[in-house]
Number of protein chains: 2
Amino acid sequence: MSPSDASPYPPFGVTVDLVVLTVRDHTLNALTIRRGEPPFQGQWALPGGFVRPDEGLEAAAARELAEETGLDQLEVHLEQLATFGDPGRDPRMRVVSVAYLVLAPDLPTPRPGGDAAGARWTPAADLADGSRLAFDHTKILEDGVERARAKIEYSSLAAAFCPEEFTVGELRRVYEAVWGVALDPRNFHRKVTGTPDFLVPTGGTTTRQGGRPAQLFRRGSAEKLNPPMLRPEA
Amino acid sequence: MSPSDASPYPPFGVTVDLVVLTVRDHTLNALTIRRGEPPFQGQWALPGGFVRPDEGLEAAAARELAEETGLDQLEVHLEQLATFGDPGRDPRMRVVSVAYLVLAPDLPTPRPGGDAAGARWTPAADLADGSRLAFDHTKILEDGVERARAKIEYSSLAAAFCPEEFTVGELRRVYEAVWGVALDPRNFHRKVTGTPDFLVPTGGTTTRQGGRPAQLFRRGSAEKLNPPMLRPEA
DNA sequence: CAAATAGTGTCTATGAGACATTATCTG
DNA sequence: CAGATAATGTCTCATAGACACTATTTG
């Protein structure tokens, strides 16, 4: 429920944090910004910031995304990930952070904005170990990566990592990068082209990957993959 | 990220709301409480309440569960569902609510506690249409039900709706109630008994469902169902 | 006995994994 | 030409769906 009368407790701060993922150089990368202010000044962290008083949570996430990275919500996939609110996760006050997951096609390194002193893409694997991020952001990032890995199994979301027009091979390389495995190109092709409304041919072709020209596709209307794309165990 | 200096904004209230589901009479039921105080006094709502200043979010959910329903966290499955924070969702102040999903075996109607003037189990289908719950709780409930439906496909979570010892038929009736479909008892039996570490025979049998005595099982160590239990389309 | 539920087995169709072969580009 | 990538096809094995049959209880 919600309170039966106004809160008898001290106030909470509410923020949004963003796990922004893309695929570059056959690798899953996450966006981090360099903190310009204490605490954790100079350390790398996830982009994010305070929710404004009359602003919805998703609207705050979209605004921070635009402010800190220049990305537009229309170009990317944005969904709520989870909420982190352990007492002590912020050294200054009690802060509850609603984390959002963003999947974006490969884009130029975003221009940092707001409080950020820098912004960069880093392989997600490098951020999971070592290189501690500020606050509990390493944990938030890991949850975001796991969500992305799980979700491309049974949804058509992998295409959110691709440009508007893409080939079957490019889509396959997304799966390979996110899962960190190699997939059989022939079985993959059969699977994705055989799933109704997953891919819509645009008629064009491209040779940007070298080799024989490949058909170009756009995302179709299907949102779920049934049966799912199976993730190899080894 | 989190704030680069203390929040320049008015305070937020932070609450937890609970979607507590069980299976009774072959039907998915949700727990609601009757509000004893304004706003929405006298209306039905999800159990929940304010998070305390030094309390973690999951701890707050477990505490409210115990206070308002008498259920112990150890007897049930509890996981974070999603966070709801639209401005205006609470008429008094800005409140962000972190919703938790609880799956429980069929238990006696819980004793209401705290601010609640009453507590009851209601078929989830009846709560989804009509019978508006207070705040945005109808939406939260629907999200919880959908999470439960999706999650029993690929996890062993359906057993959280069963008592400690249960039969294959009882587990099947859980799936049938949550999904609202009929499943073939023979194929279901083959599927669940063939999944390694899903069910552990206790050696006992029961005839509480009538008919031939059925073997009793306990939950095994498997948490994922791979390949998943397929949900019929019709 | 009938009726209910449990448990096993069999056939078939679908789909994934392994892998051969051909097609069409660049250098 | 070699080497890359794309696209199609074939075989086999695992598994889900449909459904027959037997087992063991209660009334």
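Order of the sequence lines fixes the chain letters, A, B, ..., with proteins taken first and strands second; residue numbering starts at 1 for each chain. Everything quoted here is computed from the prediction, not taken from an experiment. Values below: all heavy atoms of this structure, side chains included; hydrogens, waters and symmetry mates excluded.
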Taking any atom under 4.0 angstrom from a heavy atom of chain A, which nucleotides of DNA chain D are the first and last to qualify, 5' to 3'?
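Contact span on the strand: D:dA4 to D:dT10.
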
Spacing between [X] atom [atom1] and [N] atom [atom2], to the nearest angstrom:
| X | N | atom1 | atom2 | value |
| --- | --- | --- | --- | --- |
| A:M229 | C:dG15 | CE | C1' | 13 Å |
| B:R172 | C:dT5 | CZ | P | 8 Å |
| A:R186 | C:dA18 | CZ | P | 10 Å |
| B:L183 | C:dT5 | CG | C1' | 16 Å |
| A:H189 | C:dA23 | NE2 | P | 16 Å |
| A:R190 | C:dG17 | CZ | P | 8 Å |
| A:Q215 | C:dA23 | CD | P | 16 Å |
| B:N187 | C:dA13 | CG | P | 16 Å |

Which part of the nucleic acid, if any, lies within reach of B:P227 when heavy atoms closer than 4.0 Å are counted: base, sugar-phosphate only, or nothing?
sugar-phosphate

For A:R208, which contact category applies under a 4.0 Å heavy-atom criterion: base, sugar-phosphate, or nothing?
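Contact class for A:R208: none.
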
What distance separates [X] [atom1] from [Y] [atom2], expressed to the nearest 0.5 Å?
| X | Y | atom1 | atom2 | answer |
| --- | --- | --- | --- | --- |
| B:L18 | B:L46 | CG | CG | 8.0 Å |
| A:R147 | A:L101 | CZ | CG | 7.0 Å |
| A:T167 | A:R208 | OG1 | CZ | 6.5 Å |

How do A:V168 and B:D184 order along DNA chain D: which one's closest nucleotide is nearer the 5' end?
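Nearest nucleotide further toward 5': that of A:V168.
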
Any side-chain N or O of A:K191 less than 4.0 Å from the OP1 or OP2 oxygen of C:dG15?
no

5'-most contact on DNA chain C: B:G211 or A:R231, nearest heavy atom basis?
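It is B:G211 whose nearest nucleotide is closer to the 5' end.
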
For A:W44, is the NZ or CZ atom of A:R120 found under 6.0 angstrom from the centre of its six-membered ring and inside 45 degrees of the ring axis?
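Yes, A:R120 and A:W44 form such a contact.
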
Could you pull out all residues at least two apart from A:H189 that satisfy side chain to side chain contact (heavy atoms under 4.5 Å, CB included)?
A:V168, A:T193

The side chain of A:T207 is closest to which nucleotide in this list: C:dG17, C:dC25, C:dG7?
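That would be C:dC25.
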
Taking the basic N atoms (NZ, or NE/NH1/NH2) and the acidic carboxylate oxygens, is any pair closer than 4.0 Å for A:E164 and A:R219?
no

Partner residues of A:F188 under the ring-ring contact (aromatic ring centres under 6.0 Å, His included) criterion, sequence neighbours left out:
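Listed in chain order: A:Y175.
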
